[in-house]
Structure formats: C-alpha cells, structure tokens
Amino acid sequence: MTTTIETSTASSAAGSAALPPMNRCIQMPSFELGERLTPEQTEFLDTFGFIRFRQFLPRAEVKKLVEEVEEIDARLVAEGRTTINGVPLIMGKRKDGRGFIQRMCFASLFGERLHRFLQDPRFNAILAIAGPGYRIGERERDGLVINHYRREEGSAYKRLGWHTDSLRDLFYLEMPRRYLNVGFYLDDSPIEKGGVRLIPFSHNQGLWPMLTRKAHFLDTDGDPGEYALVAEAGDLTIHDGRIWHRVAEASATGDASQRRVMYVPLMEGPLKPKDESSPTPLYFRLRRFARF
C-alpha cells in the first residue's frame, strides 16, 4: 500500500484559500486503510490527533447505505419515536413541515446493511490501535450514531461548539480517557458544508486544559490554529477523543448544506448493553441548552 502527498488538502471547488491556514501547514497524505495501519499512518494519527482514509467504501456502496438510512429515518418518524434505549433522538423539520432525525443512535439495530457495515474486517485494524480489549459496541453507549447537519429553517443541527469527546466520560461517572472517534461520510463534505474543525496536537493536553481551554459546546468561534477536515462520501476519518474539535456551520443552505456522518461505536471494559428500559444519561438531559 502506498500513500501520496496531495498538492493541496482542499478537495472542494473553493480551493485552499477558503481553508484555515493550518490546512496549508499540515498536508494530509492520501491514506487508504488496509488490514492494519502502517507505521506512517499510526505516526500521523499519534502526532496530529486525527487522520483520514480515502474511499473506505465505493460510492455505489455508500448509496445503498444512504437508502437504508433514509428508510430508517422515515420509519422512526412515522412511529413517533423520540428515544432509543434511553438516548434521545434530535429532530428537525423541513420546509414542508416533515420531521427528520438529525442525530440517530443505535442505527445499525434497524438496518441489515448498517449492521453488516460494522462487520467489515478492516475495523479490526482500528480496534488494534485503539488498545487491548476494544470492540464495536453496537448495543452500548449510543451505538452507531448518524449525525445529519443542514443549514435551513427548522434544522436543530446546524453546527456544534468546541468540545472534547473524552470529557463525556464524566457524565458516565468515568475518568476521561483516550479513545478513537471513527466517522464514515455518507455525503461529500467540502468546505462549503462547514464540517469538522480540529485543533491539532490538543489531544496531548492534560485534564485541566481539557476542562477549561474552551467553553464546551457554547464556544462556536473559529480558532486560528484549527484544521478543516474535508472529506468525500465513502471516506473514513478517525480523531482522538481528547482533541478539541467543533462542527462549523455551512455557508451553503438547504440540500447543498446536507452533511451526514456515521460514527462507529468503539468500547472497552465490561459489556454495558442498553435496551428500552435504560435511563437517559444526564449528558443528554443537558443537550437542549448546548445542542450536542
């Protein structure tokens, strides 16, 4: 397997001038994921706190996943579901008043294609670098999560303020720790759609800066040191749970702003499966104030 350095990390028509300066300082190699991460790939992730793998799945396969996601969305809305296994669904409305789900949890429990997606043997390569005893927790924590961002009236998910994923552990009465957040892109995500912004190297911070560097979820302003993680449908990304990151609001609107990403649930330690009798964690009771 070989990797090549891109002449620019800007994959969108906007060009590199629209990207933060850090994108011109850090050139992302065009990595591909195989049976295991190469030393170069591991070093990039460990150094910067994030990585992107091109075309984990071809577009034809992505299209099939999207069809199933849209079918599940319509089914859950028709059923009037507001929670799954104690975890609330974040809902939005389109211009015609139709509801749609903007944060869907445990999605693979409702679709066979999504379930098979989580069985891809290449995830073993990610589990291996995550640490001993890691597994895909299809029925744990929030399961397979699908975030659906749109910039339009009625949307409840247009952006997300600065935060670290590891801090969420405190709401589960656990100490913040390293874990890997694995995202799979169902749509192209050029700079016009906003998307993930990360502060490179911040995964090496201690607990105090993890708590205080930004106002969690409330601070949405850009940072001079941020990196824009642009991607295409079928790409897979990883970021360290301790890294500071946000989701920027799209400059495009309506369908042109649509950005859907699935997040693979990696878990360690004792099995903690959830069911419909599971309580809602405090973390989600606070979401109405911060939109997370």
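Everything numeric here is computed off the predicted structure, so don't read it as measured data.
At least one side-chain heavy atom of Arg54 sits less than 4.5 Å from a side-chain heavy atom of Ser30. Trp244 places none of its side-chain heavy atoms less than 4.5 Å from the side chain of Leu198. Under the 4.5 Å side-chain criterion, counting only non-hydrogen atoms from C-beta, Arg36 is not in contact with Asn124. In this structure, Tyr134 and Met267 have side chains that are not in contact, with every pair of non-hydrogen atoms separated by 4.5 Å or more. In this structure, the side chains of Ile51 and Thr237 stay at 4.5 Å or more apart for every pair of heavy atoms. Inter-residue side-chain proximity for Pro200 and Met22 is flagged as met; some heavy-atom pair is nearer than 4.5 Å. Considering only heavy atoms from C-beta on, Leu236 comes within 4.5 Å of Ile126 through its side chain. In this structure the side chain of Leu229 reaches within 4.5 angstrom of the side chain of Met28, judged on heavy atoms.
Formation of a donor-acceptor pair under 3.5 Å by the Lys158 side chain with backbone atoms of Tyr149 is not found in this model. Judged by distance alone, the side chain of Arg94 and the main-chain N or O of Asp96 form no donor-acceptor pair under 3.5 Å. Put simply, the side chain of Arg135 gets close to the backbone of Gly269: a donor and an acceptor are under 3.5 Å apart. The backbone N or O of Ala228 lies less than 3.5 Å from a partner atom in the side chain of Asn23, making a donor-acceptor pair. Looking at Thr280, its side chain does come within 3.5 Å of a backbone N or O of Gly86 through a donor-acceptor pair. Arg150 places no side-chain N or O within donor-acceptor distance of the main-chain N or O of Ala256, the cut-off being under 3.5 Å. Of the possible polar contacts, none joining the Asp46 side chain to the Glu43 backbone as a donor-acceptor pair under 3.5 Å is found. Judged purely by atom type and a 3.5 angstrom limit, Glu61 has no side-chain atom pairing as donor or acceptor with the backbone of Pro58. No side-chain donor-acceptor contact under 3.5 Å links Asn147 to the backbone of Val261. Here the side chain of Ser278 pairs no donor or acceptor atom with the backbone of Lys274 at under 3.5 angstrom.
Applying the ring pair (Phe, Tyr, Trp, His ring centres under 6.0 Å) test to Tyr185 and every residue at least two apart in sequence or in another chain returns nothing.
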Applying side-chain contact (heavy atoms from CB on, under 4.5 Å), run through Leu57 and Leu65 and close with a yes or a no. CA-CA 10 Å; Leu57 286 184; Leu65 290 175; 3.8 Å; yes
Please assess Asp73 against Arg260 for the test salt bridge (charged side-chain N to carboxylate O under 4.0 Å, His left out), listing each intermediate value before the final yes or no. CA-CA 12 Å; Asp73 184 298; Arg260 292 168 292 187; over 6 Å; no
Output, in order, the C-alpha distance, side-chain angles, deciding distance and verdict of side-chain contact (heavy atoms from CB on, under 4.5 Å) for Val77 and Ile101. CA-CA 7 Å; Val77 170; Ile101 302 172; 4.0 Å; yes
Working note: Leu144 + Leu118, criterion side-chain contact (heavy atoms from CB on, under 4.5 Å); need CA distance, chi angles, decisive distance, verdict. CA-CA 9 Å; Leu144 179 67; Leu118 294 180; 4.1 Å; yes
Would you please test Thr164 and Arg242 for side-chain contact (heavy atoms from CB on, under 4.5 Å) and show each step? CA-CA 5 Å; Thr164 63; Arg242 300 167 297 182; 5.7 Å; no
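Ionic pairing of Glu249 and Arg151 is present here: one or more N-O contacts between side-chain nitrogen and carboxylate oxygen are shorter than 4.0 angstrom.
Here Phe184 and Phe117 bring their ring centres to under 6.0 angstrom of each other.
The hydrophobic cluster containing Val62 also contains Val182, counting ILVMFWY residues as joined when their side-chain heavy atoms lie under 4.5 angstrom apart, directly or transitively. Clustering ILVMFWY residues whenever any of their side-chain heavy atoms sit less than 4.5 angstrom apart, transitively, puts Trp162 in a cluster other than the one holding Val247. Under a hydrophobic-cluster definition in which Ile, Leu, Val, Met, Phe, Trp and Tyr are linked whenever side-chain heavy atoms come within less than 4.5 Å, directly or via other members, Ile199 and Leu160 are assigned to different clusters.
Identified under the ring-ring contact (aromatic ring centres under 6.0 Å, His included) test for residues 79-105, with sequence neighbours left out: Phe100-His148. Sorted by first and then second residue, the salt bridge (charged side-chain N to carboxylate O under 4.0 Å, His left out) pairs with a member in residues 216-230 read Arg197-Glu226, Lys214-Asp223, Glu226-Arg246; sequence neighbours excluded. Residues in residues 41-74 take part in these ring-ring contact (aromatic ring centres under 6.0 Å, His included) pairs, two or more places apart or across chains: Phe31-Phe44, Phe44-Phe48, Phe48-Phe201, Phe50-Tyr227, Phe56-Phe123.
Counting heavy atoms of neighbouring residues, nucleotides and ligands inside a 6.0 Å radius, atom CD of Glu153 does not exceed 12 of them. Within 6.0 Å of the CZ atom in Arg122, the count of heavy atoms belonging to other residues, nucleotides or ligands exceeds 12.
In this structure, Glu268 CD and Tyr179 OH are separated by 11.0 Å, a value rounded to the nearest 0.5 Å. The structure places NE2 of His203 at 10.0 Å from CG of Leu180, a figure rounded to the nearest 0.5 Å. Between atom OG1 of residue Thr220 and atom CZ of residue Arg159 there is a gap of 3.5 Å, rounded to the nearest 0.5 Å. Atom CG of Leu266 is separated from atom CZ of Arg141 by 11.0 Å, given to the nearest 0.5 angstrom. The structure places OG1 of Thr38 at 3.5 Å from CD of Gln41, a figure rounded to the nearest 0.5 Å. Here Leu76 contributes atom CG and Ile84 contributes atom CD1; the two are 5.0 Å apart, rounded to the nearest 0.5 Å.
With no hydrogens or angles considered, a side-chain donor-acceptor pair links His239 and Asp165 at under 3.5 Å. With no hydrogens or angles considered, no side-chain donor-acceptor pair links Asn85 and Asp275 at under 3.5 Å. Under the 3.5 Å distance criterion, with hydrogens and angles disregarded, a donor-acceptor pair is assigned to the side chains of Ser189 and Arg259. For the residue pair Ser155/Gln102, the side-chain donor-acceptor check at 3.5 Å is satisfied.
Residues near Leu271 contribute nothing to a hydrophobic cluster around it, because no ILVMFWY side-chain heavy atom sits closer than 4.5 Å to its side chain.
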Tell me which donor-acceptor pairs under 3.5 Å the side chains of residues 104-116 have, and how far apart each pair is, sequence neighbours excluded?
residue	atom	partner	partner atom	Å
Ser108	OG	Glu138	OE2	2.7
Arg113	NH1	Lys64	O	3.2
His115	ND1	Glu138	OE1	3.2
His115	ND1	Glu138	OE2	2.8

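Here the closest heavy-atom approach between residue Asp235 and residue Arg52 is recorded as OD2-CD, 3.9 Å.
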